[in-house]
Number of protein chains: 2
Amino acid sequence: MTKRTSSITIRDIAREADVSVATVSRYLNQNAFVSPDLSVRIQEVMDQLDYIPQATARHLAMRKKNTVGLLVPNMYNNFFAALLAGIEGVVSKYDYSLLVATCRMNQSGGYQFPLGSHNTDGLLIFADSLSDKQISQLYDRQLPIVLIHKSSTDGVDIPTVTIENKTATRKLIKHLIEDHGRRRILLVRGSENQEDAYWREVGFKEALSEHDIAFDEGLAIRGSFEREIAYNSLKEFLADPNHQEFDAVFTGDDDAAVGIYDALRENGLRIPEEVSVVGFDDSQIAPFLTPPLTTVMAPTEEVGRSAAEQLFRLLDGNIPVPVTLHSTEIVLRSSCGCNMHHSAS
Amino acid sequence: MTKRTSSITIRDIAREADVSVATVSRYLNQNAFVSPDLSVRIQEVMDQLDYIPQATARHLAMRKKNTVGLLVPNMYNNFFAALLAGIEGVVSKYDYSLLVATCRMNQSGGYQFPLGSHNTDGLLIFADSLSDKQISQLYDRQLPIVLIHKSSTDGVDIPTVTIENKTATRKLIKHLIEDHGRRRILLVRGSENQEDAYWREVGFKEALSEHDIAFDEGLAIRGSFEREIAYNSLKEFLADPNHQEFDAVFTGDDDAAVGIYDALRENGLRIPEEVSVVGFDDSQIAPFLTPPLTTVMAPTEEVGRSAAEQLFRLLDGNIPVPVTLHSTEIVLRSSCGCNMHHSAS
DNA sequence: CTGAAAGCGCTTACAG
DNA sequence: CTGAAAGCGCTTACAG
């Protein structure tokens, strides 16, 4: 690799402007008074030589990188863009840089994370990018961290920002039961270890028990919040001649809903006449599905924003909010059985 | 801000292991032979002290940041996730870090880009994040750059990776003319300065002229590749009692198509019976629109990947490919009038 | 208000 | 193969 030589340094400026490097530095950072005439001279030389201070040197001298990192399991996720938009906004507001990287769990287990105290001042960790053990390691090393869509484990107290999964799901299922008379609702499970999945399932069960409906393991399949997986699970389920009958399905998330729609349709089950379907996320495609999907809206960009804000509290030495729980709301479209003659919007 | 003190440094390791810092450095980087016994001692001490080398110091010493940047106009764009996924993959393959930032054009005009030679070794610039002038400035300072979905201006030769817009659009329009007998096709324009928009319009016009259809300015409206804008433009167009009749619309991109669908529907125009509609991008929602949208598929992740690869060629001192043009292909669904009885997939 | 000098935590010729 | 020392390009006490 060719070494990039930015050639012109603070020393060049100092020499040409006939001042000390300290003065140039002070002028640059505006953190001490520099007399007007020197200021003018320095600025002129800087313009003339097209000087750009090297961030790296500055960071080393200040023992501070002015950079935060975002770790995600992958970049394909539907709401990744919104999350990043929220984060980037506040990061740039604080004049920090943003490093992003992916990191799947079960890695070698070594210390080599792409992001850490070696290259950032703090980290935003999304869902299950890292194992609890890996998170504790970073935490033990005093790296400021905030968790997104995941809560802190016992012992460590890392601020968390996430969304309300349980109550929203409960409302969604109650809606199915109370307003559409559904009682045999198929649960499409998310991955284990995934906290959103966990709480959605809890909310699901609470709604059932509120209506004295026993939860039936025979009415639960795997979906993993993925379209293909949900599709295959349901096809398999339906292929079993002894499968339980059902009149609704909670797909876990909108992505899975697409697979569920396909499987249902292929088996001649009409939505919502024979089977109501509801999802979670209110992703971009939800309103365009046929029928438009009833789901739960989560303020993803806002989640990104507040996660970043918490991280800056930490960096500023302020006490962060331990748990930020963003509220969600159900959005009724037609897949549950509501307003059947509306068009997509 | 609290200054983070990672406390333990290479000097601590050297002292404890009773070797010189040079040796620790060599062991760390594996760039010179270090005798087995010293290696063992060093490794032990490192494990014991939980040592992590500071990237910043390393970068300063090596005059190389091992970091590349991605500049985008905003993060909301539909295909941003795929682009980023492609880029991140190769960046991490080369053991580099990835900085992302947004940058709207008309900024103060000063030199203060969030990303530049001060904090990266090279830059990926997407579409119109920066003005040509700003790009030349970076180029003049020798910063390795590759442009995505935008080509280099005269004088500077910066590698570009983009997609085939013109031919695909021409095929799409030809399809409308030849297979569906459309001849009065409304053009929904993208923003000026936007290169994709430019070439799509060229392709559009070529297809018309191949069939001896004169391009009619009265049959062109503004869309800007945005749903709202396209919607409003078309509403306005239709509200004009003297507007030209049309039997098809090329929406410029899929996002705009959503607005066009709405406006058409509100005016009682049936798709595709009365008006064929075609888009560009093959975004996630395209197959779910009603009717499913005929459009053009672009390999966005691949674009990200190859842009990053070109940047690394530059960083490695290799000669880059001046222009990488990824091919696109039209995907026929029902909004043009094809296979009307298929379901979305 | 300004400067000389030490220091941030690494790497890398230069000797041996 | 290993070490002493200079240097990367900044910042910041410490004096004056």
Side-chain angles (χ1 to χ4, degrees), chain A residues 1-42 45-46 49-67 116-121 141, chain B residues 1-42 45-46 49-67 116-121 141:
Chain A
M1 305 256 171
T2 56
K3 315 247 154 114
R4 308 245 341 95
T5 349
S6 153
S7 42
I8 127 110
T9 79
I10 199 176
R11 215 179 313 265
D12 298 314
I13 305 299
R15 183 174 12 80
E16 295 302 317
D18 198 31
V19 296
S20 72
V21 295
T23 302
V24 177
S25 173
R26 288 179 188 118
Y27 173 72
L28 228 34
N29 298 305
Q30 307 281 9
N31 55 4
F33 197 96
V34 174
S35 68
D37 49 325
L38 293 197
S39 295
V40 173
R41 252 154 60 201
I42 294 171
V45 177
M46 285 186 4
L49 299 188
D50 198 18
Y51 171 63
I52 301 176
Q54 286 293 349
T56 0
R58 174 164 220 271
H59 296 162
L60 179 57
M62 311 210 335
R63 291 174 221 66
K64 179 159 170 299
K65 293 152 196 92
N66 257 73
T67 299
S117 53
H118 58 294
N119 55 5
T120 67
D121 295 322
R141 295 203 193 100
Chain B
M1 306 255 171
T2 56
K3 316 246 157 115
R4 309 247 338 97
T5 350
S6 154
S7 44
I8 128 109
T9 78
I10 198 175
R11 214 179 315 264
D12 298 314
I13 304 299
R15 182 174 13 80
E16 295 303 316
D18 198 32
V19 296
S20 71
V21 295
T23 303
V24 177
S25 174
R26 287 178 189 120
Y27 173 72
L28 229 34
N29 298 304
Q30 306 282 8
N31 56 5
F33 197 95
V34 175
S35 68
D37 48 325
L38 293 195
S39 295
V40 172
R41 253 153 60 200
I42 294 173
V45 176
M46 284 186 3
L49 299 188
D50 198 19
Y51 171 64
I52 301 176
Q54 286 292 349
T56 357
R58 175 163 219 270
H59 296 162
L60 179 57
M62 311 210 335
R63 291 176 221 63
K64 178 160 171 297
K65 293 152 195 90
N66 257 75
T67 299
S117 54
H118 57 294
N119 55 5
T120 67
D121 295 322
R141 296 202 193 100

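Keep in mind the model is a prediction, meaning the values are calculated, not measured. Chain identifiers are assigned alphabetically (A, B, ...) following the order of the sequence lines, protein sequences preceding nucleic acid strands; residue numbering begins at 1 within each chain.
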Phosphate oxygens OP1/OP2 of C:dG9: is one of them under 4.0 Å from a side-chain N or O of B:T9? no
Heavy atoms under 4.0 Å, any strand shown: does B:L38 hit a base, just sugar-phosphate, or nothing? sugar-phosphate
Under 4.0 Å: is that the gap between some side-chain N or O of A:Y51 and OP1 or OP2 of D:dC10? yes
Kindly point out which of D:dT12, D:dG3, C:dC10 is positioned nearest to the side chain of B:A61? C:dC10
Between B:T23 and D:dG3, is there a side-chain N or O to OP1/OP2 distance below 4.0 Å? yes
Distance in Å, B:N119 CG paired with B:K65 NZ, rounded so as to fall on 0.5 Å steps: 8.0 Å
Can you tell whether the side chains of A:D50 and B:R141 come within less than 4.0 Å, N to carboxylate O? yes
Take atom CD1 of A:I10 and atom P of D:dC10, then tell me their distance rounded to the nearest Å. 6 Å
Are OP1 or OP2 of D:dT2 and a side-chain N or O of B:S35 less than 4.0 angstrom apart? yes
Paired to C:dA15 by Watson-Crick or G-U wobble criteria (both distances under 3.5 Å) is D:dT2
Heavy atoms from C-beta onward define the side chain here; which of D:dC10, C:dA5, D:dA4 lies closest to that of A:P53? D:dC10
Send over the distance from A:M46 CE to D:dC10 P, rounded to a whole Å. 11 Å
N/O donor-acceptor pair, side chain A:R63 with base C:dG7, under 3.5 angstrom: no
Between atom NE2 in A:H59 and atom C1' in C:dC10, what is the gap in whole Å? 16 Å
Distance, rounded to the nearest Å, where A:K65 contributes NZ and C:dC8 contributes C1': 11 Å
Go nucleotide by nucleotide along DNA chain C from the 5' end; which of A:V21 and A:A32 gets its closest nucleotide reached first? A:A32
In this structure, how many angstroms lie between the C1' atom of D:dG3 and the CZ atom of B:R11, rounded? 14 Å
Rounded to the nearest Å, what distance is computed from the CG atom of residue B:L60 to the C1' atom of nucleotide C:dG7? 12 Å
Closest nucleotide among D:dG7, C:dC8, D:dG3 to the B:V19 side chain: D:dG3
Quick check on DNA chain D: between B:A57 and B:S20, whose nearest nucleotide comes earlier from the 5' end? B:S20
In short, B:S20 meets B:A14 closest at the heavy-atom pair C-CB, 3.8 Å
Heavy atoms of A:I10 and A:V21 approach each other most closely as CD1-O, 3.7 Å
Where is the tightest heavy-atom contact between B:F33 and B:P36, given as atom of each residue plus distance? CE2-CD, 4.3 Å
Report the distance from atom CG of A:N66 to atom P of D:dT11, rounded to the nearest whole Å. 11 Å
With side-chain hydrogen bond (donor to acceptor under 3.5 Å, both in side chains) as the test, would you mind laying out the steps for B:N29 and B:R58 before giving the verdict? CA-CA 11 Å; B:N29 298 304; B:R58 175 163 219 270; 2.5 Å; yes
Which of C:dG3, C:dA13, D:dC10 is nearest the side chain of A:R26? It is C:dG3
What is the nucleic acid contact for A:S25, judged by heavy atoms within less than 4.0 Å: base, sugar-phosphate only, or nothing? base
So which nucleotide from C:dT11, D:dC1, D:dT11 ends up closest to the side chain of B:R58? C:dT11
Phosphate oxygens OP1/OP2 of D:dT11: is one of them under 4.0 Å from a side-chain N or O of A:N31? no
Nearest whole angstrom, please: distance from the C1' of C:dC1 to the CZ of A:R41. 13 Å
